[in-house]
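A quick write-up on the structure given underneath.
Counting starts at 1 for both ligands and their atoms, following the listed order.
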Amino acid sequence: MQDREKRRLIVVSNRLPIVVKKIDNDEYRVQSASGGLVTAMTPILKRDGGLWIGWAGNYFEESVEVENLLKKEGEKLNYEYRSVDITLNDYKLYYKGFSNEVLWPLFHNVSVYCNFVPKYYEAFKKVNKKFAKTVMDELVDDDFIWIHDYHLINVAKELREEGVKNIVVFFLHIPFPPAETFNRLPWRLEIIEAMLSYSLIGFQTALDKKNFLEVVTSLIKSAVVEDEKLEISKIIIDKKEHKVGVFPISIDYDEFHDKAKSRRVSKEVEKINKEYYGQKIMLGVDRLDYSKGILQKLRAYWKLLDENHDLHKKVKLIQIVVPSRENIIKYIHLKSDIEQLVSEINGEFTQPGWIPIQYCYYSLNNTELLAYYRASEIAMVTPLRDGMNLVAKEYCATNINKNGVLILSEFAGTKDQFKDNALLVNPFDENSVVEAIKKALLMDDKEKQRRMKNMQKIVKKFDIYWWVDTFLKASKI
Ligand code: F6P
């Protein structure tokens with residue numbers, strides 16, 4: 001039996017947790033990358049060490065400078081970085097194109113947003129080969145290779161074709177769509193076969209796994225599924241076995257909880273409370289993305305204010321939008337639609353001493369983020385579809401007074417763990433969101449505490465270390 005103990009861990013993801021940006025005068029600056037994958041994987045690498053391979057946001061032409069910077073960054077840590085250089089053209093066709101104009105909308109069940117352009121798929125294959133080549137350049141002995149997310153589905157297939165025998169496993173951070181949606185993909189069979197090159201394929205929720213099994217059996221007639229209802233199922237094709245499991249990703253609960261109690265954060269909370277004295281804060285923290293349902297959330301808030309004048313001056317929505325994929329046309333349009341809607345709402349309801357929405361388009365630093373979590377009576381996590389959503393878990397972990405209420409979309413992966421304690425809403429139905437906000441505002445402290453305590457228990461027990469250990473245990477062959 002092979003297992004991962006004592007083997008070096010190689011994590012491969014499209015993005016590294018740091019982005020190297022060129023600023024004036026040929027100078028480069030290192031910034032943190034955003035997104036759930038980075039939040040989840042960083043503590044694992046910190047604990048276990050290893051090598052993280054990914055894209056640092058740079059292009060091929062800058063590779064020497066970037067490699068030096070990454071080396072320096074790695075010296076501060078107990079794990080290393082290795083970047084994969086991609087050209088500007090690769091970036092356009094593989095990242096903007098196939099990853100974010102095909103797989104992202106398809107997997108989030110909005111196939112009408114997909115641009116099924118054949119040259120996107122060609123670039124996807126080419127860049128996946130490049131990632132596989134970088135892995136092979138670094139590979140020693142029995143390294144354990146863990147590939148992450150939709151951008152890199154083809155990597156195991158490429159490695160196998162080159163004769164690599166190491167364990168190669170995969171985790172999909174985003175949802176997997178129903179067969180009816182997935183099967184619209186012109187390259188559906190190739191993508192499924194590539195996924196079946198991994199010995200273990202991990203999904204966030206039981207629904208994602210169920211959808212995947214349905215797609216596999218619809219496309220590969222000889223596929224037999226065993227243990228379908230269990231956490232880990234098996235697919236047998238021509239006597240070869242593939243494991244498929246459910247592993248809800250999480251956060252480092254203790255780190256969030258402890259940092260939230262720090263003096264720095266407490267001082268920041270005081271500042272926020274002073275600034276919004278007398279107003280109940282509702283908080284939204286979302287990466288700029290149509291899947292996050294930001295426009296729908298704003299419309300629901302508009303309805304709330306329109307129908308409940310008694311709430312004017314008493315509530316405040318703080319909506320943080322974290323910049324993301326800013327060069328993709330859908331995201332450019334989304335940003336301006338959000339900003340238009342925010343100014344319409346503020347224009348209609350603002351009164352002396354009260355602006356209904358505070359909108360921020362930037363990445364908060366850690367102290368600010370934790371302080372906003374702590375200062376908010378309500379968190380509004382209302383995506384139209386989301387693999388998991390770690391903002392919901394971060395909000396609970398940092399709620400040290402246990403007086404916050406989580407309003408949560410039925411279509412976020414987190415729903416499976418929080419359904420009994422969050423206020424669930426259908427984000428497509430403004431009424432359901434309005435009713436949930438009203439219920440949250442009226443909820444008594446005892447009930448708030450009971451619900452929050454239960455959610456905290458879940459996040460603490462099933463934290464990021466539980467996630468990685470469970471996944472790695474399942475990957476034993
Ligand atoms: O969590 C899903 C995900 O696509 C991650 O893979 C990614 O790091 C994050 O969202 C942010 O997206 P991007 O890397 O495209 O900025």
- Query: Do you know which of Phe462, Phe418, Phe256 makes side-chain contact (heavy atoms from CB on, under 4.5 Å) with Lys393?
  - Reply: Phe418
- Note on the structure: Ranking Arg287, Lys96, Gln204 by closest non-hydrogen atom to atom 11 (C) of ligand 1, top hit is Arg287
- Query: So which protein heavy atom does atom 9 (C) of ligand 1 come closest to, and at what separation?
  - Reply: Gly35 CA, 4.0 Å
- Is there at least one pair of N or O atoms, one from Asn14 and one from ligand 1, spaced under 3.5 Å apart? no
- Message: Using a 4.0 Å cutoff against the non-hydrogen atoms of Tyr150, which atoms of ligand 1 qualify?
- Response: 4 (O)
- So, are Arg299 and Glu430 salt-bridged, with charged N and O less than 4.0 Å apart? no
- Task: Note the single closest protein heavy atom to atom 12 (O) of ligand 1, along with its residue, its atom name and the distance in Å.
- Result: Arg325 NH2, 3.0 Å
- Check whether the ring centres of Tyr120 and Phe98 lie less than 6.0 Å apart, and answer yes or no. no
- For Asp149, the ligand 1 atoms with a heavy-atom partner under 4.0 Å come out as 2 (C), 3 (C), 4 (O), 5 (C), 6 (O)
- Message: With salt bridge (Lys or Arg N to Asp or Glu O under 4.0 Å) as the criterion, how do Glu122 and Lys126 come out once you've worked through the C-alpha distance, each side chain's angles and the decisive distance to 0.1 Å?
- Response: CA-CA 6 Å; Glu122 291 311 312; Lys126 185 180 128 198; over 6 Å; no
- So Tyr359 and Tyr361, would you call those rings parallel, tilted or perpendicular, with 30° and 60° as cut-offs? parallel
- Heavy atoms of the protein only: does one fall short of 4.0 Å from atom 7 (C) of ligand 1? no
- Quick one: pull up CD1 in Ile145 and CE in Met136 and give me the separation to the nearest 0.5 Å. 9.5 Å
- Residue of the set Asn128, Asn89, Asn100, Asn14 for which side-chain hydrogen bond (donor to acceptor under 3.5 Å, both in side chains) holds with Tyr94: Asn14
- Arg15 neighbourhood, listing ligand 1 atoms whose heavy-atom distance to it stays under 4.0 Å: 13 (P), 14 (O), 16 (O)
- Query: Taking non-hydrogen atoms only, is His151 closer than 4.0 angstrom to ligand 1 via side chain, backbone, both or neither?
  - Reply: side chain
- Identity and distance of the protein heavy atom lying nearest atom 13 (P) of ligand 1: Tyr95 OH, 3.3 Å
